[in-house]
Amino acid sequence: MSRICELTGKGRQVGHNVSHANNKTKRVFLPNLQNVTLMSEKLDRSFKFRVSTHGLRSVEHNGGLDNWLLKTSDDKLSANALKVKRELIKAQTAA
(Lines give C-alpha, C1' and ligand atoms only; values in the text may rest on other atoms or scores of the structure.)
Protein backbone atom coordinates (compact mmCIF):
# COMPACT_ATOMS: atom_id res chain seq x y z
CA MET A 1 0.00 0.00 0.00
CA SER A 2 1.49 3.32 -1.04
CA ARG A 3 1.89 6.09 1.49
CA ILE A 4 -0.31 8.66 -0.26
CA CYS A 5 -3.17 10.69 1.21
CA GLU A 6 -6.45 9.80 -0.54
CA LEU A 7 -7.82 13.35 -0.35
CA THR A 8 -4.84 15.66 -0.86
CA GLY A 9 -2.49 13.44 -2.87
CA LYS A 10 0.30 14.19 -0.42
CA GLY A 11 3.02 11.54 -0.67
CA ARG A 12 6.56 10.86 0.44
CA GLN A 13 9.37 13.40 0.05
CA VAL A 14 13.06 12.68 -0.31
CA GLY A 15 15.80 14.57 1.50
CA HIS A 16 19.09 14.17 3.33
CA ASN A 17 20.22 13.31 6.82
CA VAL A 18 23.02 15.78 7.48
CA SER A 19 25.62 14.88 10.09
CA HIS A 20 27.74 17.29 12.14
CA ALA A 21 30.57 16.65 9.65
CA ASN A 22 28.13 17.67 6.86
CA ASN A 23 27.94 14.13 5.42
CA LYS A 24 24.67 13.67 3.55
CA THR A 25 22.75 10.40 3.33
CA LYS A 26 19.40 9.93 1.60
CA ARG A 27 16.28 9.63 3.70
CA VAL A 28 12.51 9.63 3.17
CA PHE A 29 9.95 11.87 4.84
CA LEU A 30 6.62 9.99 5.05
CA PRO A 31 3.27 11.74 5.54
CA ASN A 32 1.42 11.12 8.81
CA LEU A 33 -1.43 8.97 7.49
CA GLN A 34 -4.41 7.98 9.60
CA ASN A 35 -7.30 5.64 8.86
CA VAL A 36 -10.41 7.75 9.41
CA THR A 37 -14.14 7.50 8.84
CA LEU A 38 -15.61 10.71 7.47
CA MET A 39 -19.34 11.41 7.36
CA SER A 40 -21.05 12.82 4.28
CA GLU A 41 -23.99 14.99 5.31
CA LYS A 42 -25.66 15.06 1.89
CA LEU A 43 -25.41 11.29 1.34
CA ASP A 44 -26.11 10.35 5.00
CA ARG A 45 -23.29 7.79 4.86
CA SER A 46 -19.81 7.42 6.27
CA PHE A 47 -16.73 6.61 4.20
CA LYS A 48 -13.34 5.22 5.22
CA PHE A 49 -10.25 7.00 3.93
CA ARG A 50 -6.51 6.95 4.56
CA VAL A 51 -5.82 10.64 5.11
CA SER A 52 -2.84 12.71 6.22
CA THR A 53 -3.35 14.79 9.35
CA HIS A 54 -2.79 17.90 7.22
CA GLY A 55 -5.58 16.75 4.89
CA LEU A 56 -7.88 16.05 7.82
CA ARG A 57 -7.40 19.59 9.13
CA SER A 58 -8.08 20.93 5.62
CA VAL A 59 -11.34 18.98 5.41
CA GLU A 60 -12.46 20.37 8.77
CA HIS A 61 -11.44 23.90 7.73
CA ASN A 62 -13.56 23.68 4.55
CA GLY A 63 -16.67 22.61 6.43
CA GLY A 64 -16.68 18.84 6.05
CA LEU A 65 -16.14 16.10 3.50
CA ASP A 66 -18.82 17.25 1.05
CA ASN A 67 -17.43 20.77 0.63
CA TRP A 68 -13.87 19.48 0.41
CA LEU A 69 -14.63 16.98 -2.36
CA LEU A 70 -16.60 19.49 -4.42
CA LYS A 71 -13.78 22.08 -4.21
CA THR A 72 -10.85 19.73 -4.89
CA SER A 73 -9.67 18.88 -8.41
CA ASP A 74 -10.02 15.28 -9.58
CA ASP A 75 -6.29 14.70 -10.22
CA LYS A 76 -5.46 14.93 -6.48
CA LEU A 77 -8.19 12.50 -5.36
CA SER A 78 -7.88 8.72 -5.16
CA ALA A 79 -10.24 6.37 -7.02
CA ASN A 80 -12.24 5.82 -3.82
CA ALA A 81 -12.63 9.55 -3.23
CA LEU A 82 -13.61 10.11 -6.89
CA LYS A 83 -16.47 7.62 -6.50
CA VAL A 84 -17.76 9.53 -3.48
CA LYS A 85 -17.43 12.84 -5.37
CA ARG A 86 -19.46 11.45 -8.31
CA GLU A 87 -22.17 10.27 -5.89
CA LEU A 88 -22.26 13.74 -4.32
CA ILE A 89 -22.62 15.47 -7.70
CA LYS A 90 -25.37 13.02 -8.70
CA ALA A 91 -27.22 13.64 -5.41
CA GLN A 92 -26.88 17.41 -5.88
CA THR A 93 -28.32 17.39 -9.39
CA ALA A 94 -31.19 15.10 -8.31
CA ALA A 95 -32.18 17.40 -5.42
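These values consider heavy atoms only, across backbone and side chains, with no hydrogens, waters or symmetry-generated copies.
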Legend entry - Hydrophobic cluster membership, Ile4 vs Leu33, 4.5 Å side-chain cutoff: no
Closest non-hydrogen atom pair between [X] and [Y], with its separation:
X	Y	value
Glu6	Ala81	O-CB, 3.9 Å
Val59	Trp68	CG2-CG, 3.7 Å
Cys5	Ser52	SG-N, 3.3 Å
Ser2	Arg50	O-NH1, 3.5 Å

Pairwise distance [atom1]([X]) to [atom2]([Y]) - rounded to 0.5 angstrom:
X	Y	atom1	atom2	answer
Leu77	Lys83	CG	NZ	13.5 Å
Asn22	Lys24	CG	NZ	3.5 Å
Lys71	Asn62	NZ	CG	4.5 Å

Per-pair distances, 0.1 Å, donor-acceptor, side chain in residues 38-49, under 3.5 Å, sequence neighbours excluded:
residue, atom, partner, partner atom, Å
Ser40, OG, Leu43, N, 3.3
Ser40, OG, Asp66, OD1, 2.7
Arg45, NH1, Glu87, OE1, 3.2

Inset, instruction - Any side-chain hydrogen bond (donor to acceptor under 3.5 Å, both in side chains) involving residues 28-39? Give me the pairs, sequence neighbours left out, ordered by first then second residue. - result: Asn32-Gln34
Inset, instruction - Indicate yes or no: at least one non-hydrogen side-chain atom of Arg3 is less than 4.5 angstrom from one of Val28. - result: no
Inset, instruction - Go through the side-chain N and O atoms of Ser78 and Asn80 and say whether any donor and acceptor fall under 3.5 Å apart. - result: no
Inset, instruction - Count the heavy atoms belonging to other residues, nucleotides or ligands that lie under 6.0 Å from CZ of Arg12, then report whether that count exceeds 12. - result: no
Legend entry - Exceeds 12 heavy-atom contacts within 6.0 angstrom, atom NE2 of His61: no
Inset, instruction - Among Val36, Val51, Val84, find the one that has a side-chain contact (heavy atoms from CB on, under 4.5 Å) with Leu7. - result: Val51
